[in-house]
Each structure stands twice: as structure tokens, then as C-alpha cells.
A.B. asks: 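Handing you a structure now.
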Amino acid sequence: MFDEFKNAFQRYNNGHVQLIIINVVVFLALGVLFVVAKFSQSPSLFNSVYLQLALPSDLNDLLHKPWTILTYSFTHLFHYSLGAPDRDQIGIFHILFNMLGFYWFAKVFIEYLGSDKLISLYVLGGLAGGLLFLLLYNTIPYFEGNISILVGASAAVFAVMTAVAVLLPDYTFFLMFIGPVKVKYIAAFYILISFLFSAGDNAGGNIAHLGGALMGFVYIKQLQAGVNWGSWITVTLDWFKNLFKPKPKVKVTYRSEDRLKKTKSSSSKPQVSQEELDAILDKISVGGYESLSKEEKEKLFNASKK
């Protein structure tokens with residue numbers, strides 16, 4: 001199984017599968033820790049790790065773990081509180097629907113723009129969703145005093161979905177029980193729903209959706225104008241990849257003195273021009289090979305070895 005996952009991860013132009021594998025691995029690792037914490041009745045064991053990956057709305061908390069602006073988009077819903085076991089949950093449907101949606105939209109994206117741009121947009125969408133979440137939670141009075149955390153790949157998924165809708169608005173998906181629907185209507189529906197629920201129970205998540213969608217729109221428009229906002233991400237990832245690539249071994253060969261002498265002697269042989277060669281051949285046709293001088297015979301021999 002490990003070899004199969006490794007081969008799938010390393011396949012060419014396979015960024016959507018790579019990102020899904022990373023999300024699943026993080027989810028399974030947190031799931032194992034969740035079960036261990038439940039058995040030992042130690043919520044702090046799980047929460048201490050989980051909160052190092054989730055994006056906090058509190059800016060003071062964010063200053064102590066700035067990496068969460070990126071890691072939250074690879075982390076999905078878990079909730080463990082010893083005092084309220086009825087609220088404990090593992091967000092299996094959270095990651096399932098995120099990854100299914102991402103897979104279908106990302107396949108279309110890769111077909112037209114490639115794997116590198118998909119990975120770049122995933123990161124940019126996550127960053128945009130996280131930044132909008134932080135901005136609104138720290139500026140709008142409605143969210144004053146409301147401490148929250150953000151997890152999930154939804155902002156990145158919305159970025160890819162919107163990018164496909166802007167790039168190929170009439171591309172059609174065949175939805176179960178509905179039939180053919182153009183991608184522009186699918187994107188518009190989900191963006192509208194996220195806006196309507198941005199003041200609901202999952203306000204932070206829906207705000208992040210809107211930030212990701214905005215990034216998807218801007219990313220494609222800039223790309224069409226000849227500007228790639230994600231080039232710095234591609235360069236950074238390539239730099240990290242090169243750090244772990246094995247360096248080619250330098251092969252040193254030694255040539256014997258006889259071979260060096262032979263090489264030198266062959267390189268020092270006089271070059272025969274075409275005019276000289278024609279004159280020698282004419283002389284042979286008149287008087288035969290024996291009519292050639294020693295020097296002419298040597299020139300003819302050297303010319304025959306080229």
C-alpha cells in the first residue's frame with residue numbers, strides 16, 4: 001500500500017492527487033491521536049497538537065504560531081472536550097466532501113493549466129480565505145469577542161472551483177438527479193450560499209469560502225493578463241525539492257600514457273584538404289598507386305580514416 005501511494009504521489013502532473021494524499025495523511029494522523037486521547041481521557045493530548053494546525057482568530061495567538069495560516073487548509077474538523085462528550089466528533093464528511101469536490105474541479109483545472117498552477121492556487125486560496133477570516137473577525141463589531149478557529153480545505157476548493165468557472169464558464173458537469181449543469185452556475189450557487197451563511201453558526205468557514213473564491217477569480221484574470229501570482233510558490237517548492245534530490249556522482253576516468261600519446265599523435269596529423277585529395281586521386285588514375293610519394297600515401301591513408 002505504501003508503494004502504491006508513493007507511486008501515485010510521484011506521478012507526473014498529479015498535483016490534485018498529491019494534495020488529497022497530504023490532506024488524508026494529516027486527517028488519519030490526527031484521527032489516531034484522537035482515539036488515543038479518548039482512551040486515555042486526555043483531551044489536552046489531542047488539543048495541544050490540533051491547535052498547532054488550526055488558524056486562530058485571535059491575532060495574539062496567531063503571532064505565536066504564524067504557520068497556521070497555511071496548515072489550517074490541510075486540517076479538518078475534530079472536536080474533543082472531556083466535559084461535553086456528546087459534542088465530540090470526527091469530521092469524516094468534512095474531509096470527504098471537500099476532497100470529492102476538489103478532485104473533480106482540480107481534474108479540469110490540471111487539464112488546461114497544469115499541476116504546478118493547481119498547487120499554487122490551492123496555497124493562494126487557503127491564504128486568501130485565512131486572511132479574510134482574520135480581517136473580518138478582528139474588524140467587524142459583530143464578531144467582537146467571538147474567539148474561533150478555522151480548519152478545512154474549503155477556501156482552497158472554492159478557489160479552484162471559481163478559477164475553473166472563470167476559465168471555462170460553459171464547461172458542463174453531469175450531476176446526479178439533476179443532469180448537465182454548467183460550472184459557472186455551480187460556482188455561483190455555492191458562493192451565494194456561503195455569503196448567506198456568513199453570519200451563521202459556521203461564519204468563519206463561509207467567510208473563508210468567499211476569500212478563496214475571490215482569489216480564484218483574481219488568479220485567472222491575472223493569468224489571462226500574463227501575470228502568474230503563484231510563480232513564487234512554484235519556485236519555493238522546486239527549491240525545497242532540489243534540497244532532497246541526490247546529487248549525481250562525479251565519475252573520474254584515467255587514460256593510460258600510451259592512449260594519451262596515441263591521441264596526441266592522431267590529433268597532430270596534418271589535415272588533408274579536398275584539393276590535395278583530388279590531386280592525389282588524379283595521380284593514381286594516371287600512374288597508379290605506386291606513382292605516389294611517401295608523403296602522398298600518408299595523406300591518402302589519413303584521409304581514409306576520417
Side-chain angles (χ1 to χ4, degrees), residues 8-27 53 55 66-76 95 98-135 150-169 171 183-184 186-187 190-191 194 205 207-245:
F9 193 88
Q10 294 177 342
R11 204 168 296 149
Y12 172 73
N13 211 29
N14 212 30
H16 59 315
V17 175
Q18 293 173 348
L19 290 166
I20 290 172
I21 289 174
I22 293 172
N23 275 277
V24 170
V25 168
V26 172
F27 181 82
L53 301 174
L55 178 64
W67 56 86
T68 56
I69 191 67
L70 179 62
T71 57
Y72 90 89
S73 58
F74 295 93
T75 310
H76 286 81
I95 186 173
N98 270 347
M99 294 300 101
L100 282 175
F102 175 71
Y103 178 78
W104 292 115
F105 288 112
K107 274 191 72 176
V108 179
F109 185 98
I110 279 183
E111 184 179 347
Y112 288 88
L113 295 177
S115 189
D116 288 343
K117 289 184 176 63
L118 174 70
I119 295 172
S120 296
L121 181 57
Y122 185 99
V123 174
L124 290 172
L127 291 174
L131 290 173
L132 187 61
F133 163 76
L134 292 170
L135 176 65
L150 181 65
V151 292
S154 303
V157 175
F158 267 67
V160 175
M161 176 186 68
T162 306
V164 173
V166 175
L167 183 66
L168 306 162
Y171 190 95
V183 68
K184 61 185 177 184
I186 298 174
Y190 279 107
I191 292 171
S194 293
I207 288 170
H209 296 171
L210 298 175
L214 178 62
M215 176 53 70
F217 176 84
V218 174
Y219 180 82
I220 293 298
K221 288 299 182 182
Q222 287 296 299
L223 206 59
Q224 291 171 338
V227 180
N228 182 2
W229 277 23
S231 58
W232 64 272
I233 297 172
T234 303
V235 170
T236 303
L237 290 176
D238 288 342
W239 182 78
F240 275 109
K241 288 177 186 176
N242 291 331
L243 284 179
F244 299 100
K245 276 186 179 179

A.B. asks: For a quick test of reading the model, state the closest non-hydrogen atom pair linking Ser194 to Leu210 and the distance between them.
C.D. replies: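 Scanning both residues, the minimum pair turns out to be CB-CD2, 4.1 Å.
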A.B. asks: Could you tell me which non-hydrogen atom of Asn98 sits nearest to which non-hydrogen atom of Ala153, and how far apart they are?
C.D. replies: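 Scanning both residues completely, I find the closest heavy atoms to be ND2-N, 3.6 Å.
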A.B. asks: For the pair Phe27 and Thr75, evaluate side-chain contact (heavy atoms from CB on, under 4.5 Å) and give the outcome as yes or no after the intermediate values.
C.D. replies: CA-CA 7 Å; Phe27 181 82; Thr75 310; over 6 Å; no
A.B. asks: For residues 226-240, please give each side-chain donor-acceptor pair under 3.5 Å, one per line with the distance, not counting sequence neighbours.
C.D. replies:
unit_1	atom_1	unit_2	atom_2	d
Asn228	OD1	Tyr219	OH	3.2
Asn228	OD1	Gly230	N	2.9
Trp229	NE1	Gln222	OE1	3.4
Ser231	OG	Asn228	O	3.3
Trp232	NE1	Trp229	O	3.1
Thr234	OG1	Ser120	OG	3.2
Thr236	OG1	Trp232	O	2.7

A.B. asks: Flag the pair Asn23 / Phe102 as yes when at least one side-chain heavy-atom distance between them is below 4.5 Å, and no otherwise.
C.D. replies: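 No, side chains not in contact.
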A.B. asks: Can you check whether Leu121 reaches Ile220 side chain to side chain, under 4.5 Å on heavy atoms?
C.D. replies: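 Side-chain contact under 4.5 Å: no.
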A.B. asks: Measuring from Ile95:CD1 to Ile20:CD1, what's the distance to the nearest 0.5 Å?
C.D. replies: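 Reported to 0.5 Å precision, the distance equals 9.5 Å.
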A.B. asks: Is there side-chain contact between Tyr122 and His16, with at least one heavy-atom pair below 4.5 Å?
C.D. replies: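 Heavy-atom side-chain distance check fails, nothing below 4.5 Å.
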A.B. asks: Does Lys107 have any salt bridge (charged side-chain N to carboxylate O under 4.0 Å, His left out) partners at least two apart in sequence or in another chain, and if so, which?
C.D. replies: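 If we apply the salt bridge (charged side-chain N to carboxylate O under 4.0 Å, His left out) test to Lys107, skipping adjacent residues, there are no hits.
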A.B. asks: Which pair of heavy atoms, one from Leu150 and one from Tyr72, lies closest together, and at what distance?
C.D. replies: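 Heavy-atom minimum between the residues: O-CB, 3.3 Å.
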A.B. asks: With side chains defined as the heavy atoms from C-beta onward, is the minimum distance between Val123 and Leu127 less than 4.5 Å?
C.D. replies: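 Yes; the side chains approach each other to less than 4.5 Å.
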A.B. asks: So how far is it from Leu132 CG to His209 NE2, rounded to the nearest 0.5 Å?
C.D. replies: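 The distance works out to 11.5 Å.
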A.B. asks: Determine yes or no for a side-chain-to-main-chain donor-acceptor pair under 3.5 angstrom, with Thr68 supplying the side chain and Leu55 the backbone.
C.D. replies: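 Not a single qualifying donor-acceptor pair exists.
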A.B. asks: Does atom OH of Tyr190 have more than 12 heavy-atom neighbours from other groups under 6.0 Å away?
C.D. replies: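 At most 12 heavy atoms, drawn from other residues, nucleotides or ligands, come within 6.0 Å of this atom.
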A.B. asks: Identify the heavy atoms of Gly125 and Ala155 that sit nearest to each other, and give their distance.
C.D. replies: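 That closest heavy-atom pairing would be O-CB, 3.6 Å.
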A.B. asks: Please tabulate, one pair per line, all N/O donor-acceptor pairs under 3.5 Å involving side-chain atoms of residues 159-168, not counting sequence neighbours.
C.D. replies:
unit_1	atom_1	unit_2	atom_2	d
Thr162	OG1	Phe158	O	2.8

A.B. asks: From Gln18 CD over to Leu118 CG, what is the distance, rounded to the nearest 0.5 angstrom?
C.D. replies: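 So the CD of Gln18 and the CG of Leu118 are separated by 9.5 Å.
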A.B. asks: CD1/Ile69 to CG/Leu134 distance, rounded to the nearest 0.5 angstrom?
C.D. replies: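 Between atom CD1 of Ile69 and atom CG of Leu134 there are 5.0 Å.
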A.B. asks: Mind listing the closest non-hydrogen atom pair of Gly211 and Ala128 along with its distance?
C.D. replies: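 Nearest heavy atoms, Gly211 then Ala128: O-CB, 3.4 Å.
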A.B. asks: Under 3.5 Å, side chain of Ser73 to main-chain N/O of Gly126, donor-acceptor pair present?
C.D. replies: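 A pair under 3.5 Å: no.
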